[in-house]
Amino acid sequence: MKALAYLREIILFFVHRFITEEVALELRPDGDYEIVCAMVAVEPGEIFDGIVTVTSFVFMVWGFTLKIENGGTIKPWPRCGV
């Protein structure tokens with residue numbers, strides 16, 4: 001099974017594709033938002049300023065944001081215990 005997972009990663013490295021995913025945003029001092037990372041890469045305890053869904057073109061590990069979904073509506077960061 002590990003060999004298949006490794007083979008899948010090699011194939012995904014060379015095959016271009018479009019993906020839609022949620023990303024974490026950070027508010028910059030000038031009032032704009034900046035993409036920090038994909039939500040799958042967020043570690044427990046990290047806090048950001050918002051979440052937005054984007055469509056990206058990915059090729060050889062590089063991702064190029066093409067479209068911000070839902071009209072760019074920024075969802076608030078989930079607060080636990082509040």
Could you list the donor-acceptor pairs under 3.5 angstrom formed between side-chain atoms of residues 40-50 and any protein atom two or more places apart in sequence or on another chain?
residue : atom : partner : partner atom : Å
Glu46   : OE1  : Glu43   : N            : 2.6
Asp49   : OD2  : Leu27   : N            : 2.6

May I have all residue pairs that pass ring-ring contact (aromatic ring centres under 6.0 Å, His included) and include part of residues 18-44, sequence neighbours excluded? Phe18-Phe57

Distance col, row Glu21:CD vs Thr55:OG1, nearest 0.5 angstrom, shows 9.5 Å

Provide the closest heavy-atom pair for Leu25 versus Val36 in the form atom of the first, atom of the second, distance. C-CG2, 4.1 Å

Would you kindly confirm whether Phe59 and Phe13 end up in one hydrophobic cluster when ILVMFWY residues are joined by side chain heavy atoms under 4.5 Å apart? yes

Sub-4.5 Å side-chain heavy-atom contact between Ile74 and Ile51: no

Can you tell me if Arg17 has over 12 outside heavy atoms packed within less than 6.0 Å of its CZ? yes

Under a single-linkage rule joining Ile, Leu, Val, Met, Phe, Trp and Tyr whose side-chain heavy atoms are separated by less than 4.5 Å, which residues share a cluster with Ile19? Val58

Residues that, via side-chain heavy atoms closer than 4.5 angstrom, fall in one hydrophobic cluster with Val15: Leu7, Ile11

Identify, with sequence neighbours excluded, every residue that meets salt bridge (Lys or Arg N to Asp or Glu O under 4.0 Å) alongside Glu22. Lys75

Tell me, please, which residues at least two apart from Arg28 pass side chain to side chain donor-acceptor pair (under 3.5 Å). Asp30, Asp32

Partners meeting side chain to side chain donor-acceptor pair (under 3.5 Å) with Thr73 (sequence neighbours left out): none

What residues form a ring pair (Phe, Tyr, Trp, His ring centres under 6.0 Å) with Phe14, not counting sequence neighbours? none

